[in-house]
Protein chains: 2
Amino acid sequence: MTDTKILLDESEIPTHWYNVVADMPNPPAPYLGPDGQLLTPDAMQAIFPPAIIEQEMSSQRWIEIPNEVREILRLWRPAPLYRAHRLEQALGTPAKIYFKYEGVSPAGSHKVNSAVAQAWYNREAGIKRLTTETGAGQWGSSLSLAGSMFGLQVRIYMVKVSHGQKPFRRSMMQTWGGEVIPSPSMHTEAGRRVLAADPDNQGSLGTAISEAVEEAASRSDTNYALGSVLNHVLLHQTVIGLEAKKQLEKVGDYPDVIFAPCGGGSNVGGMMFPFLADKAAGRDIRLVAVEPDSCPTLTRGHYAYDFGDVAGLTPMMKMYTLGHDFMPPGIHAGGLRYHGDSALVSQLYHEGILEAVAVPQLGTFESGVLFSKTMGIIPAPESNHAVHAAIQEALRCKESGEAKTILFTLSGHGHFDMASYDKYLAGELQNYSYPDEAIRAALATLPKV
Amino acid sequence: MTDTKILLDESEIPTHWYNVVADMPNPPAPYLGPDGQLLTPDAMQAIFPPAIIEQEMSSQRWIEIPNEVREILRLWRPAPLYRAHRLEQALGTPAKIYFKYEGVSPAGSHKVNSAVAQAWYNREAGIKRLTTETGAGQWGSSLSLAGSMFGLQVRIYMVKVSHGQKPFRRSMMQTWGGEVIPSPSMHTEAGRRVLAADPDNQGSLGTAISEAVEEAASRSDTNYALGSVLNHVLLHQTVIGLEAKKQLEKVGDYPDVIFAPCGGGSNVGGMMFPFLADKAAGRDIRLVAVEPDSCPTLTRGHYAYDFGDVAGLTPMMKMYTLGHDFMPPGIHAGGLRYHGDSALVSQLYHEGILEAVAVPQLGTFESGVLFSKTMGIIPAPESNHAVHAAIQEALRCKESGEAKTILFTLSGHGHFDMASYDKYLAGELQNYSYPDEAIRAALATLPKV
């Protein structure tokens, strides 16, 4: 039997990020300003450092990872690749199941891979403070950790309802020195406006983004950092796929199909982009984004220009979207509730290079519990989407007798999400499925460009 | 710069546990029954399987680890040994600081190393169910995970107040299939007696032990499992020290001093016993157990026969104790609140082979936060005791200019203990120090043997 964990040495942490733009059949659709005109790099300088803006626009295939960033990544990378022997046995499948485990990072998910890079580039640009927003808390934790590594102050606008419901994520950010502000707050014009209209407002990711961006734009020592969607974030996450490829090579294997959870696209880009060049070169591999039934962006949305945030403050990106004021139900995979998707992921899906599948909430938890009981690790609810799709594929292999090689991203652990397991085990969760009219009504709100 | 993480392959998971009894200057003091007479192996058969009883009494130096147990350990072992470069730099110390990180286990601490072995031996003996007690939840989680790996039902009597305060530890146990019963319960005579006298009783570890033991003793398909104190538990934990030794060899290093947190002794035994043979052979190495000021068993207790539980149901062991009804304050390192200590650790301390130090609660959190900000990982409050002692030693090295090699056990992460970090950051925690009279009064309750 092969080992359970396929490990790499620290010397094998990738030296360069892989930029998928270099291998896309068509150049990415440009970002547009709120006025519908092409967005210039200048317009981003109020909130991002030059190196990040350059990465956002770059078509260079390989971009060097700064040594100081690699030094921090060494605290948990290379992340282990697991062969899920015990899960395979429990399913009775001839398929081989591998997963890349990003929950080994101190913040508990893959998010910190980009947080560290963003914090470093900002420090190099002389920035002293970063602002961001957080809902479920994975990104806020990651940026707080990254800030502590490079001596940057980090202020996190945390959606007020999450601030109350997830006190332990808040404590985690504070332990690393981050300042956590329940949003809406009195610190910004955007927050004051919301509170003036509704003093008991419990906040939303849209408002929290507005507060974080407003503060960053108004202070020269402060920038803003985003945890998904944008090209540079997906770029930083490609360490996941690059390592996984090397690890599979070590055991002489190559995936037939890859699954990753899909919210804003950082997992999909991080794991799949490094395999996409092989696919472009003719390799037979399926790359499948897994999203929730309750927020079916790729599978039921439109490919159109839309804002990245609810308030319409961000540039417009061409992406699969359900309309920027689409409000998914309070499902227990907070990281997958985004109304849109990364522009790169969207374009590659539109061109038929990536596939997508939507899965039901109860199925994801059922699969997550089976995974926990066989492999030990309790996955984050977001990660359970990939677990579920991988298990379904393995069961299809059992039917057909095919010994496929399946790879998926286990993007994080569920230690801060046990309340949702609790609800699942108590039978209090449900599936959601939208009637066509609901989707049509949401899409009718798309901006006319 | 050497790597941050020193890794071993799965083939390097130890094949044998190390039994320190073979290298002790004197044989261990025997256990006594409640009647003060020598305890026979027979007396333990109602609650333990034969192989565990044999290990408890064994003086054989090496005991083979069953293959099926090693297969499960492979899910997270070998655990990484870290060189804490960034912590050293922050302290400005010439000392080298290494730590063994046991928080990589799915249950989040070292406890599961013994849980897996105990579950396997019980299954081999035809046992279908295990009972145990849990307070903070680390041991209950570990046994629940181990039970799911070998198809055993696990019932955990969880101290009622913890059951209410730590719902996420409870959900974790339930996700792995464990049954969690708030104690005192109506399932046992012991529980019913407590509830009859006080229907609102919030439980204690003593009552929970009584319930778990009573149920195991009364059912032939059910045994009991304990997470610390006993010889076989410390034996199972020696994988920690055996791996650490091999990892240090890989980088050509050897510790001058080792620190481990000390409650019941499973960390001390697990990390230090494999180094103890070298010390016996003349090697100059200091082995220091770190306990809380608020439960100063080794540093202020008596070396005497005492019961292992509050109710006086267990055999008596010769150990350092503060008296079995000593009730430490509600400090935030629940795993270190035990009134006594492992008999093996106690005897080795009594003979001057192990040292001990007591540290204040605020210092442990201060050190834990510094550790989090430099190394990323947020330690469990128990683990912070070792972190603190290691940092103090490194600071002494800074004074003296000595480039000592310091090794400590980071026994678990703090993901389920963020409420205590919260209190620390809010300035709501305090130190405890007992006046001599309080200690004297507690010791006056020791049984007369």
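Every chain is numbered from 1 and lettered A, B, ... according to where its sequence line falls, protein lines coming before strand lines.
Interface summary for chain B: among A:G414, A:G103, A:S148, the most heavy-atom pairs under 4.5 angstrom belong to A:S148. Highest contact tally toward chain B, considering only A:I378, A:V112, A:I377, is held by A:I378 [criterion: heavy-atom pairs under 4.5 Å]. Chain A forms the most heavy-atom pairs under 4.5 Å with one residue out of B:S144, B:S105, B:S372, and that residue is B:S372.
Considering OH of A:Y82 and CH2 of B:W76, their distance stands at 9.5 Å, rounded to 0.5 Å. To the nearest 0.5 angstrom, B:I13 atom CD1 is 8.0 Å from A:T4 atom OG1. The NZ atom of A:K5 lies 3.5 Å from the CD atom of B:E10; values are rounded to the nearest 0.5 Å. Interatomic distance, OH of B:Y421 versus CD of A:Q174, reported as 13.5 Å (0.5 Å rounding).
Shown here is B:K423, whose NZ atom has no more than 12 heavy atoms of other residues, nucleotides or ligands within 6.0 Å.
Contact annotation: the side chain of B:T175 never approaches that of A:K373 to less than 4.5 Å [non-hydrogen atoms, C-beta and beyond]. Side-chain contact check for A:H85 versus B:E71: every heavy-atom pair is 4.5 Å or farther apart. Taking the side chain as every heavy atom from C-beta outward, A:V369 and B:W176 never approach each other to under 4.5 Å. In this structure the side chain of A:R170 never reaches within 4.5 angstrom of the side chain of B:M418, judged on heavy atoms. With a 4.5 Å cut-off on side-chain heavy atoms, B:T374 and A:M149 do not count as touching.
Between B:F168 and A:F168, the ring-plane angle classifies as perpendicular under the 30° and 60° cut-offs.
Residue contact with chain A, scored on non-hydrogen atoms closer than 4.5 Å, is absent for B:Y424. B:L8 touches chain A through its backbone: at least one of N, CA, C or O sits under 4.5 Å from a heavy atom, while the side chain does not. Contact annotation for B:R83: neither backbone nor side-chain heavy atoms come within less than 4.5 Å of a heavy atom of chain A.
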Yes or no on side chain to side chain contact (heavy atoms under 4.5 Å, CB included) for A:L75 and B:R86, after CA distance, side-chain angles and deciding distance? CA-CA 10 Å; A:L75 293 175; B:R86 291 176 50 86; 4.2 Å; yes
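For B:L145 against A:G376, the heavy-atom pair with the smallest separation is CD1-CA, 3.6 Å. Counting all heavy atoms, side chain and backbone alike, B:P106 lies closest to A:H415 at O-NE2, 4.2 Å.
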